[in-house]
Amino acid sequence: MTEPNTNALQQLYTALAGIPAGSVVTYGQLAALAGMPGRARWVGRVLSQLPEGSQLPWFRVINAQGRISFPPDSAAFARQQSRLLAEGVDFSASGRIDLNRFGLN
DNA sequence: TTCGTGACCTAGC
DNA sequence: AGCTAGGCCACGA
């Protein structure tokens, strides 16, 4: 029979694909959207294993602190940040994003 | 099976 | 703002 995880994975992909350009979500929010609250870690693991050619907007996922979950000096960080900047996502001087603009606005 | 690690989160200090 | 601790879960050694 179909494992519950497979379905959750589909929900995760669907939820992620539904994130509009110019906005972001946290790993925890995405987990909740996928029907698995508290499984932020699972989301992170899934994204880490995502193929490079994926159409999914993985770059619109950031951590609960409003920061990109990559070392600031890494190529991955620069890659994600430039993608977000291209969509008009604002970064503060300290490299953070105002989550209030999305989650609570 | 226990341990360490990881694109995490929240609470407390 | 930084650190610690607990929670969560999957994986490899």
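All of these numbers come straight from a predicted model, not from anything done at the bench. So that the names make sense, note that chain A is the first sequence line, chain B the second, and so on, each numbered from 1. Excluded from the calculations below are hydrogen atoms, water molecules and symmetry mates; all remaining heavy atoms, backbone and side chain alike, are included.
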Notebook entry, point to check: Is A:N63 reaching over with its side chain to a backbone N or O of A:G66, donor-acceptor style, under 3.5 angstrom?
Noted result: yes

Notebook entry, point to check: Reading DNA chain C 5' to 3', which nucleotide is the first, and which the last, to come under 4.0 Å of any heavy atom in chain A?
Noted result: C:dG7 to C:dC11

Next item on the list: Could you walk me through whether A:Q80 and A:W58 pass side-chain contact (heavy atoms from CB on, under 4.5 Å), step by step?
Entry: CA-CA 8 Å; A:Q80 181 168 9; A:W58 56 269; 3.9 Å; yes

Next item on the list: Could you check how far CD of A:Q65 sits from C1' of B:dC8, rounded to whole Å?
Entry: 10 Å

Next item on the list: Check whether any side-chain N or O of A:R67 sits under 3.5 Å from a backbone N or O of A:I97 as a donor-acceptor pair, and report yes or no.
Entry: no

Checklist line | Step-by-step side-chain contact (heavy atoms from CB on, under 4.5 Å) determination, A:L33 to A:L12 | finding: CA-CA 7 Å; A:L33 286 174; A:L12 174 57; over 6 Å; no

Next item on the list: Would you kindly give the OH-to-C1' distance between A:Y27 and B:dC9, to the nearest whole Å?
Entry: 12 Å

For residues 42-57 of chain A, run the donor-acceptor check on the side chains, cut-off 3.5 Å, and write out each pair with its distance to 0.1 Å, sequence neighbours left out.
from: A:R45; atom 1: NH1; to: A:Q49; atom 2: OE1; distance (Å): 3.3
from: A:S48; atom 1: OG; to: A:R45; atom 2: O; distance (Å): 2.5
from: A:S54; atom 1: OG; to: A:L56; atom 2: N; distance (Å): 3.2

Next item on the list: Mind running a 4.0 Å heavy-atom check of residues 28-36 of chain A against DNA chain B and sending the residues that fall below it, in number order?
Entry: A:G28

Next item on the list: Please report the shortest heavy-atom distance between A:A15 and A:L30, naming the atom on each side.
Entry: CB-CD1, 4.0 Å

Note to self: Going by the rule side chain to side chain contact (heavy atoms under 4.5 Å, CB included), which residues pair with A:A40 if we only count those two or more places apart in sequence or in a different chain?
What the structure shows: A:Y27

Note to self: Quick one, A:D90 with A:D98, criterion side-chain contact (heavy atoms from CB on, under 4.5 Å). Give me CA distance, side-chain angles, the key distance, then yes/no.
What the structure shows: CA-CA 8 Å; A:D90 298 312; A:D98 278 4; over 6 Å; no

Check: Among residues 47-63 of chain A, which residues get a heavy atom nearer than 4.0 Å to DNA chain B?
Finding: A:L47, A:S48, A:W58, A:N63

Margin query: Just the rounded figure in Å: distance from P of B:dT5 to CZ of A:R45.
Written below: 18 Å

Next item on the list: Using atom types as modelled and distance alone, determine if a side-chain donor or acceptor of A:Q81 lies under 3.5 Å from a backbone N or O of A:F91.
Entry: no

Note to self: Between A:T14 and A:Q10 (side chain of the first, backbone of the second, donor and acceptor by atom type, cut-off under 3.5 Å), is there such a pair?
What the structure shows: yes

Notebook entry, point to check: Going by heavy atoms closer than 4.0 Å, what residues in residues 68-95 of chain A are next to DNA chain B?
Noted result: A:S69, A:F70

Notebook entry, point to check: Expressed as a whole number of Å, how far does the P atom of B:dA7 sit from that of C:dG7?
Noted result: 23 Å

Next item on the list: List the atom of A:F70, the atom of A:F77, and the distance in Å for their closest heavy-atom pair.
Entry: O-CD1, 3.5 Å

Margin query: Determine whether a donor-acceptor pair (N or O, by modelled atom type, separation under 3.5 Å) exists between the side chain of A:R96 and the backbone of A:Q65.
Written below: yes

Next item on the list: Give the intermediate values and the outcome of side-chain contact (heavy atoms from CB on, under 4.5 Å) for residues A:L16 and A:V61.
Entry: CA-CA 8 Å; A:L16 179 55; A:V61 186; 3.6 Å; yes

